[in-house]
Engineer: 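Structure provided below as structure tokens; questions to follow.
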Amino acid sequence: MNVRSLVPSNRPAAFLALFCLLSLVFSAIHAAYLVHLMKDDARERLLACSAKETALVQTTFDDRFAQLELLAASCSGLPDREARLSRLSDLFGGREEAACFGLAENDGRVYFLDSRQDVLTGELRDAVESGVPRALTSARLSPDALYELVYLVPLSRDDPAAGALLYRDADPFWEHLAPNSSENPILVREDGQILLPGRSGEVQLSLFQLAGDSAAEAREQLSADLAARRTGTLSFRFRGSHLALAAAPLETEGWFLVSFLDLDANRSSLLQALVLSLAIDLVLLLVFLSLFLLYRRGQRQTLRHLEHAAFVDPVTGGDNQTRFSLRAQELLRTRPPGTYALVSCDIQAFSLINRSFGEAAGNRVLCHLHACLKQKLRSGELAARVAQDQFILLLFQSAEEDMRARMEETARYFNAFNRNLRNPYYLPLAFGICPAGDPSLLLSDLCDRANLARKRAKRLPGGTLCSCAFYQPADRQRLLLDLDISNRMESALERGEFQLYLQPKVSLSTRSVVGAEALVRWRDPQGGFVEPDVFIPVLERNGFITQLDLYMFEQSCLCLRRWMDCGVPPLPISVNFSRVNLGRDILSRFRQLQEKWSVPPELLEFEFTETLVAENPQFFAELVQEIHRCGFHCSIDDFGSGYSSLHMLQQVPADTLKLDKSLFDGLLNADLRPRSELVVRSVLEMARQLGMTTVAEGISEEAQLSALERLPCDMVQGYYFSRPLPAEEFYNAFLHPPESGS
Ligand code: C2E
Ligand code: MG
Ligand code: MG
């Protein structure tokens with residue numbers, strides 16, 4: 001299963017992305033619309049302004065002409081100039097406006113109300129003589145020599161010689177002619193010539209000159225509009241400002257009123273709106289983008305967590321079984337069959353580490369093993385922890401010896417931490433190897449087979465640091481047997497199918513039975529007699545051995561109780577102590593049983609195998625002390641069967657040393673006997689020096705016994721004297737006092 005399928009879908013992210021895209025498109029459309037509005041708005045505002053101003057100016061012209069015509073009519077009947085001036089003075093004398101009025105005579109002279117006189121020339125004089133109301137622009141009469149508007153209305157329509165009433169408007173409503181605002185319209189002629197210059201005195205000759213930088217086409221269009229007496233518009237740049245003008249026709253003199261609009265000022269508010277809108281869009285976009293990124297980040301984090309939970313082993317931080325399986329399947333699929341071998345690995349007696357030193361220490365050991373396994377991997381190989389102390393490796397397959405050498409090197413590397421320790425603590429590794437040559441086998445099949453091989457490896461004699469086995473078809477048979485035993489063991493214990501057998505320990509000097517070893521026998525009503533070598537390893541693997549050892553211990557106590565109750569001097573009985581019991585605080589339970597049957601503790605002894613003690617002498621040194629505190633005895637069993645450690649003997653103050661049967665095999669061989677005797681003698685001598693009682697195990701031949709008699713050995717156990725016997729038979733054979741008279 002792909003962990004990504006567990007992650008929530010990408011649909012919200014897609015929606016968010018779509019939203020961002022849409023908001024961008026919307027912003028662009030909105031901006032374009034605003035620009036369009038800006039243009040339309042400017043044109044409409046200009047035309048509206050122009051229409052308003054044109055109406056206003058036209059009204060002003062009309063009112064002024066009407067006023068002057070009335071005044072002219074009232075003055076025309078007066079006899080002479082003096083009377084007319086006097087009439088005007090009566091009407092306007094004392095007012096500021098009075099200086100604007102004058103009487104223009106046909107000879108070109110002008111008489112103002114404030115007694116000034118002037119002479120009219122050119123256009124002005126022609127206008128007087130024309131005898132029709134006229135409006136002109138001129139600087140001629142202005143004391144400041146500034147252009148002003150001059151109205152001329154004939155005093156009499158019938159008599160042009162009567163002269164004209166003149167009105168000089170130096171301050172028309174459009175006084176500020178600088179073309180920078182719609183407030184300051186100007187007057188132009190049909191040909192575009194400007195009639196009134198600005199206050200600054202600067203004279204722009206022509207409207208077209210003023211709008212010189214506008215497009216030629218636009219200027220031509222304006223010119224055509226003026227010629228057709230239509231309102232025309234034009235936009236242009238003037239002194240850095242972007243302006244638009246509208247020239248609207250007036251009825252007076254065929255003039256045009258030109259209104260201006262500062263496009264920049266007009267645009268600024270719209271631009272502000274545009275910028276604001278874009279800014280809001282941008283902020284929204286950024287907000288959504290941030291949300292989107294946050295969402296993506298959260299999603300990625302979730303994915304990482306899920307991936308971690310799905311694929312990472314919480315103890316070692318390396319791959320877990322799921323990831324290993326995915327990768328291994330991929331590698332096995334893509335490489336030719338026979339490229340790889342599957343290797344199962346675990347630490348012998350790992351549960352002991354957990355129980356003795358705590359889970360944290362156990363986890364540190366697992367991390368160390370993981371690091372060592374990874375260190376020894378080649379490119380293209382895999383390793384992962386799959387269960388408690390169980391690791392699985394996918395390694396390149398090579399010759400059996402090479403692979404064994406590789407496993408041994410790995411185990412040495414793993415145990416290298418002991419190199420500088422005063423009290424080394426060796427952790428033997430067990431490896432099971434299954435070559436991946438058959439492509440029809442699933443990865444799980446390969447793993448099962450490697451596990452079976454590993455379990456067999458654990459039972460193999462030899463290697464202290466590394467035991468290694470290759471998968472064999474017989475492993476599967478053994479597995480089935482294991483399952484069968486596991487299924488039946490509990491009911492077998494309940495039904496009393498496990499029986500106590502005792503094998504005597506005979507004093508070599510007196511040839512009398514001085515003790516016994518308790519050995520279990522399983523009399524299975526279905527399967528018949530089952531050998532301890534068959535079922536004990538199974539019970540050790542599934543942990544049931546603890547219950548069996550307690551049972552055997554209690555049976556031994558019961559036996560002692562009966563002997564004592566019968567009045568015979570009881571013989572000490574030794575019971576075997578499985579490695580599985582270590583660290584389980586089982587001693588107190590043994591003690592309870594011993595107290596339950598009121599058996600002296602010194603009659604009970606625990607046998608620990610040499611390999612078990614050698615694995616951790618320091619631990620056993622403490623355990624032996626505890627056993628002694630309880631009053632029990634203890635022995636080291638099978639000494640000489642493995643790599644016997646003298647360091648172990650030095651550290652562990654056991655009471656008895658049981659020498660393994662294999663040590664005495666040499667005594668049967670004439671060639672080996674001298675060397676064999678020497679070794680056995682030395683060991684026995686050393687044990688004696690250490691104050692330990694010695695037992696020679698597995699003595700079945702006269703030759704072995706006679707050789708032993710020459711050596712300082714205390715006791716002998718073996719078929720020579722007796723096979724293990726049911727408790728009752730043992731009693732009858734060795735303890736039952738001979739019936740008198742028989
Ligand atoms: P062990 O403790 O070393 O027991 C001695 C084994 O050697 C016994 O095998 C015994 O029958 C056998 N033996 C004694 N004399 C001779 C001899 O002269 N020749 C030969 N060939 N064998 C001899 P057994 O009873 O089959 O037990 C095998 C192992 O199973 C024991 O080795 C012990 O480690 C384990 N075992 C037996 N009973 C128990 C038990 O109740 N609890 C536990 N934890 N282990 C047990
Ligand atoms: Mg034993
Ligand atoms: Mg033994």
Side-chain angles (χ1 to χ4, degrees), residues 349 459 461 485 489 492-493 496-506 513 515-523 529-559 572-582 584 586 590 593 604-613 633-642 644 654-665 667-668 683 693-705 707-708 715-727 729-730:
R459 295 193 293 269
I485 289 171
M489 64 194 182
L493 190 69
E497 292 172 18
F498 292 110
Q499 292 176 4
L500 173 76
Y501 273 56
L502 294 171
Q503 186 175 33
K505 294 176 192 167
V506 178
V513 177
E517 176 175 4
L519 294 162
V520 67
R521 295 290 178 263
W522 184 0
R523 299 221 166 260
F529 182 80
V530 189
E531 290 286 338
D533 286 344
V534 174
F535 68 86
I536 283 188
V538 182
L539 304 198
E540 282 191 326
R541 279 197 291 282
N542 63 30
F544 194 70
I545 190 73
T546 301
Q547 271 166 271
L548 183 68
D549 280 357
L550 282 167
Y551 175 81
M552 290 295 288
F553 182 84
E554 187 167 13
Q555 291 299 310
S556 304
C557 291
L558 199 62
C559 189
I573 300 178
S574 61
V575 290
N576 289 286
F577 189 102
S578 167
R579 63 166 62 237
V580 180
N581 300 332
L582 291 175
R584 286 195 177 175
I586 200 174
F590 283 128
L593 292 172
L604 292 157
E605 181 177 294
F606 295 106
E607 293 191 8
F608 299 100
T609 58
E610 170 201 74
T611 40
L612 189 59
V613 181
H633 288 185
C634 67
S635 54
I636 295 173
D637 198 1
D638 302 340
F639 188 82
S641 62
S644 308
D655 307 285
T656 307
L657 189 68
K658 294 187 77 180
L659 279 67
D660 191 67
K661 169 182 175 300
S662 56
L663 279 177
F664 308 105
D665 289 346
L667 299 178
L668 297 172
V683 174
T693 311
T694 49
V695 180
E697 281 191 300
I699 303 302
S700 54
E701 303 292 333
E702 175 68 49
Q704 291 171 318
L705 196 68
L708 275 171
M715 287 175 259
V716 172
Q717 181 185 340
Y719 293 171
Y720 181 80
F721 290 108
S722 170
R723 286 180 171 266
L725 299 172
E729 279 184 39
F730 181 89

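Just so you know, these numbers come straight off a predicted model, no measurement behind them. Counting starts at 1 for both ligands and their atoms, in listed order.
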Engineer: I'd like the name of whichever of Ile536, Leu539, Ile545 reaches closest to atom 36 (N) of ligand 1 through any heavy atom.
Structural biologist: Ile536

Engineer: So if I count the atoms of ligand 1 from 1 in the order they appear, which ones are less than 4.0 Å from some heavy atom of Gly718?
Structural biologist: 15 (N), 18 (O)

Engineer: Which residue and atom name correspond to the protein heavy atom nearest atom 3 (O) of ligand 1, and how close is it?
Structural biologist: Asp638 OD1, 3.0 Å

Engineer: When you draw lines from the Mg ion (ligand 2) to OD2 of Asp637 and to OE1 of Glu607, what angle lies between them, to the nearest 10°?
Structural biologist: 80°

Engineer: Please report the C-alpha distance between Thr546 and Asn581 in whole Å, then the side-chain angles of each, then the deciding distance to 0.1 Å, and finally whether the side-chain hydrogen bond (donor to acceptor under 3.5 Å, both in side chains) criterion is met.
Structural biologist: CA-CA 6 Å; Thr546 301; Asn581 300 332; 2.8 Å; yes

Engineer: For atom 34 (O) of ligand 1, what's the nearest protein heavy atom and its distance?
Structural biologist: Asn576 OD1, 4.1 Å

Engineer: How about Asn576: does one of its N, O or S atoms come closer than 2.8 Å to the Mg ion (ligand 2)?
Structural biologist: yes

Engineer: Any idea which heavy atoms bring Glu540 and Val580 closest together, and the distance?
Structural biologist: O-CG2, 3.2 Å

Engineer: Closer than 4.0 Å and a protein heavy atom, does any atom meet both conditions relative to atom 32 (O) of ligand 1?
Structural biologist: no

Engineer: Are Trp522 and Leu548 packed together at the side-chain level, in the sense that at least one heavy-atom pair is separated by less than 4.5 angstrom?
Structural biologist: no

Engineer: Answer with yes or no whether the side chains of Glu702 and Tyr720 bring together a donor and an acceptor at under 3.5 Å.
Structural biologist: yes

Engineer: N/O to N/O below 3.5 Å, does that happen between Gln503 and ligand 1?
Structural biologist: yes

Engineer: Using the ring of each side chain (for Trp, its six-membered ring), is Phe590 parallel, tilted or perpendicular to Phe577, with breaks at 30° and 60°?
Structural biologist: tilted

Engineer: What is the closest protein heavy atom to atom 38 (N) of ligand 1, and at what distance does it sit?
Structural biologist: Val520 N, 3.2 Å

Engineer: Do any N or O atoms from the side chain of Gln704 and from the backbone of Glu701 form a donor-acceptor pair under 3.5 angstrom?
Structural biologist: yes

Engineer: Starting from the C-alpha separation in whole Å, work towards a yes-or-no answer on side chain to side chain contact (heavy atoms under 4.5 Å, CB included) for Asp655 and Thr693.
Structural biologist: CA-CA 6 Å; Asp655 307 285; Thr693 311; 5.6 Å; no

Engineer: Just go through Pro532, Pro724, Ala696 and tell me whose heavy atom is the nearest to atom 26 (O) of ligand 1.
Structural biologist: Pro532

Engineer: Is the shortest distance from a heavy atom of Glu517 to ligand 1 less than 4.0 Å?
Structural biologist: yes

Engineer: With heavy atoms of Met552 as the reference, note each atom of ligand 1 found under 4.0 Å away.
Structural biologist: 41 (O)

Engineer: Closest non-hydrogen protein atom to atom 28 (C) of ligand 1, residue and atom name please, with distance?
Structural biologist: Asp533 OD1, 3.6 Å

Engineer: Output the list of atoms in ligand 1 that are nearer than 4.0 Å to some heavy atom of Asp549, sorted by atom number.
Structural biologist: 40 (C), 42 (N), 43 (C), 44 (N)

Engineer: For Lys658 and Ser574: C-alpha separation, side-chain torsions, deciding distance, then whether side-chain hydrogen bond (donor to acceptor under 3.5 Å, both in side chains) applies.
Structural biologist: CA-CA 11 Å; Lys658 294 187 77 180; Ser574 61; 4.5 Å; no

Engineer: For Asp660, is there any backbone N or O sitting under 3.5 Å from a side-chain donor or acceptor partner on Asp638?
Structural biologist: no

Engineer: Taking all non-hydrogen atoms of both residues, which atom of Ser722 and which atom of Pro504 are closest, and how far apart?
Structural biologist: CB-CG, 3.5 Å

Engineer: Any heavy atom of Arg723 sitting closer than 4.0 Å to ligand 1?
Structural biologist: no

Engineer: Do Glu610 side-chain atoms and Gly640 backbone N/O form a donor-acceptor pair below 3.5 Å?
Structural biologist: yes

Engineer: Taking the side chain as every heavy atom from C-beta outward, state whether Asn576 and Ile536 have any atom pair closer than 4.5 Å.
Structural biologist: no

Engineer: Taking distance alone, with no angle check, do Glu540 and ligand 1 share an N/O pair under 3.5 Å?
Structural biologist: no

Engineer: What is the nearest protein non-hydrogen atom to atom 5 (C) of ligand 1, stated with its residue, atom name and distance?
Structural biologist: Glu697 OE2, 3.9 Å

Engineer: Pull out every atom of ligand 1 sitting under 4.0 Å from any heavy atom of Ile699, numbered as shown with elements.
Structural biologist: 18 (O)

Engineer: If you measure every N or O of Glu531 against every N or O of ligand 1, does any of those distances drop under 3.5 Å?
Structural biologist: no

Engineer: Check each of Tyr551, Phe664, Trp522, Tyr719 against atom 13 (N) of ligand 1 and report the one with the nearest heavy atom.
Structural biologist: Tyr719

Engineer: Is there an N/O/S atom in Glu517 that lies less than 2.8 Å from the Mg ion (ligand 3)?
Structural biologist: no

Engineer: Quick one: does Arg521's side chain get under 4.5 Å of Pro724's, heavy atoms only?
Structural biologist: yes

Engineer: Mind listing the closest non-hydrogen atom pair of Ala654 and Ile636 along with its distance?
Structural biologist: CB-CG1, 3.9 Å

Engineer: Any protein heavy atom at under 4.0 Å, with atom 7 (O) of ligand 1 as the reference point?
Structural biologist: no

Engineer: Would you check the N or O atoms of Gln717, main chain and side chain alike, for any that come under 3.5 Å of an N or O of ligand 1?
Structural biologist: no

Engineer: In terms of relative ring orientation, are Phe606 and Phe553 parallel, tilted or perpendicular, with 30° and 60° separating the classes?
Structural biologist: parallel

Engineer: Please list the nearest protein heavy atom to atom 37 (C) of ligand 1 with its residue and the distance rounded to 0.1 Å.
Structural biologist: Leu519 CD2, 3.6 Å

Engineer: Is the distance from the Mg ion (ligand 3) to some N, O or S atom of Asp638 under 2.8 Å?
Structural biologist: yes

Engineer: What residue and heavy atom of the protein are closest to atom 21 (N) of ligand 1, and at what distance?
Structural biologist: Lys661 CE, 3.2 Å

